[in-house]
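Reviewing the structure listed below.
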Amino acid sequence: MRNDCVNRSASPVKIGLEIHVELATETKIFCGCSTAFGAPVNTQVCPVCLGLPGTLPVLNRRVTEYAIAIGLVLDCDIRRTFRFDRKNYFYPDNPQNYQISQLYTPIGTNGKLEIRTEQGIKPIRIHEIHMEEDAGKLIHSERGDTLVDYNRAGVPLVEIVTEPDMESAEEVIAFLEMLRRRIRYTGVSDCRMNEGSMRVDVNLSVRETGYGIRTEMKNLNSFKAIARAIGAERERQAGVVKSGKTVVQETRRWDDDRGESFSMRSKEDAKDYRYFPDPDLPEMTVEEAWIDEIRSRLPEMPEAKAERYRETYGLPEYDIGILIDEPALADLFETTTALGVDPKKVSNWLMGETMRLLKERDMEPEDLRIDPRSLADLIDMTDRGTINSTTAKDVFEVIFDHTIDVKKYVEDHGLSMVSDFSELEEIITEIITVNPGPVADYHAGKKKAAGFLVGQVMKKTGGKANPAMVRELLEQKLENG
């Protein structure tokens, strides 16, 4: 069972999730400040997102559009009228001392998302999705100071709240992988957990508590950390009950390095936040025509794409899983295949060399700039024997970074394979002459010695010889010599 660090004999659990997804708008939810990641601290702020007196928020229309798109791909009912509420809490990263969110009229409700695990297909209910603004970021220094960066304050979020329908880490990870994939396909968020654009809180209770008392786990920044935290919290709660004590409803912070969680604060109820409608933001209406327009622009979802890849391209399930997991890879696959290239060969290049270079350069698939025509020409020249596989990989590294005319590049750099019979015969004769030992080994029955001699020919030609032709000519000469 993948990513589930607890065995089946452990205490049964109920798990619900609260997922914050940072929307990929250029500006914040209620002001015109940039949302670009990685800017110098406190440089993307203004009186509105700093909560200064006398300022008024203005809703970013694109935020609502993106939230509706998420609601549609999660099969939610989209609310036709909504408004925002103030969630009051006092904390250094909250410049206004309240957060603008949606408690009473969330933009989407009653959704669902089906997951597939070893136990089969299971629907996970979505209680609601709502829009809200993010808080700032606390930075704890080594000397014990706490500083605040307000660049993130006011960045638009959609919070997705599930019902407690999951019963294992396996189901949680399956849900999050499916959710992340669907949202990325819509283009409304990159869902990069390492940059904080997707953050997950896990609400968990064990059966021994009657599933009534739960804890909320925070600071979970990877799927692996989520799986470990679920296992540890399940064991912790079961141990508390077994010792005769009572599980406390609280918020806990997960330390992935230590594999432990620590109590942060008692879990608040809605009344503790003193919610009330935001007086500076009026009730807003979503017209049916706008919802239909957003729905019409939604792309093919990954599950439908997977089925099409099976029927149209006949790809293995492993290839399909890799390709559909990344929208950029799927797009590159389809545009290259549309140029008349064998689908499996395109898939092989994307799963092999492309993924290798992405990992080596610490890049995300959406950062790919490979020109489909260049990739198609490279595959074609390899198939035709114009260049060998080693040279093809070298050229691929060039097209990974630059848009080039592959045919011209190969010609200009003299990379075409040496397939001239007389030229290869002359080189092979030379190699046999200067390597009497391996030649003797070959005649003594050690046929692997031919591999060494082929390698020497390839080295002599700078890797440009046709290896199949080299081996054939070499063995002929050895047998006849």
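The basis for the numbers below is simple: all heavy atoms, side chains too, and nothing from hydrogens, waters or symmetry mates.
Residues Phe82 and Tyr104 place their aromatic rings such that the two centres sit no closer than 6.0 Å. Not less than 6.0 angstrom separates the ring centroid of Tyr98 from the ring centroid of Tyr273.
For Lys112, the NZ atom sits in a loose shell: 12 or fewer heavy atoms of surrounding residues, nucleotides or ligands are nearer than 6.0 Å. Within a 6.0 Å radius of CG in Asp292, other residues, nucleotides and ligands contribute more than 12 heavy atoms. Around NZ of Lys407, the count of heavy atoms belonging to other residues, nucleotides or ligands within 6.0 Å does not exceed 12.
Counting only residues at least two apart or in different chains, salt bridge (Lys or Arg N to Asp or Glu O under 4.0 Å) contacts with residues 327-339 comprise Lys305-Glu334, Arg308-Glu334.
With values rounded to the nearest 0.5 angstrom, Glu167 atom CD is found 11.5 Å from Leu204 atom CG.
Counting only N and O atoms by type, the side chains of Glu250 and Ser263 include a donor and acceptor under 3.5 Å apart.
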Open item on the list: What verdict does the side-chain contact (heavy atoms from CB on, under 4.5 Å) test give for Met217 and Asp201, after you've listed the backbone C-alpha separation in whole Å, the side-chain angles of each residue and the deciding distance to 0.1 Å?
Closed with: CA-CA 5 Å; Met217 302 283 290; Asp201 299 337; over 6 Å; no
Open item on the list: Walk me through whether Glu317 and Arg310 qualify under salt bridge (charged side-chain N to carboxylate O under 4.0 Å, His left out).
Closed with: CA-CA 8 Å; Glu317 288 300 315; Arg310 293 184 192 99; 2.6 Å; yes
TODO: Would you check, one step at a time, whether the test side chain to side chain donor-acceptor pair (under 3.5 Å) holds for Glu171 with Thr117?
DONE: CA-CA 7 Å; Glu171 291 185 354; Thr117 67; 5.0 Å; no
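In terms of the salt bridge (Lys or Arg N to Asp or Glu O under 4.0 Å) criterion, Lys87 has no residue partners (sequence neighbours excluded). For Asp325, the side-chain hydrogen bond (donor to acceptor under 3.5 Å, both in side chains) criterion is met by Arg181, not counting sequence neighbours.
Ring geometry for Phe333 versus Tyr313: interplanar angle over 60°, hence perpendicular rather than tilted (30 to 60°).
A cation-pi arrangement is absent between Arg295 and Trp290, since the terminal nitrogen or guanidinium carbon is not both under 6.0 Å from the aromatic centre and inside a 45° cone about the axis.
Minimum heavy-atom separation, Leu281 to Ile100: CD1-CG2, 3.8 Å.
Asp134 pairs with exactly one of Gln99, Arg199, His20, Lys28 by the side chain to side chain donor-acceptor pair (under 3.5 Å) rule, that one being Arg199.
Contact check on Glu22 versus Arg192 returns no salt bridge, with no Lys/Arg side-chain nitrogen under 4.0 Å from an Asp/Glu carboxylate oxygen.
In this structure, Val247 and Val241 have side chains that are in contact, with non-hydrogen atoms separated by less than 4.5 Å.
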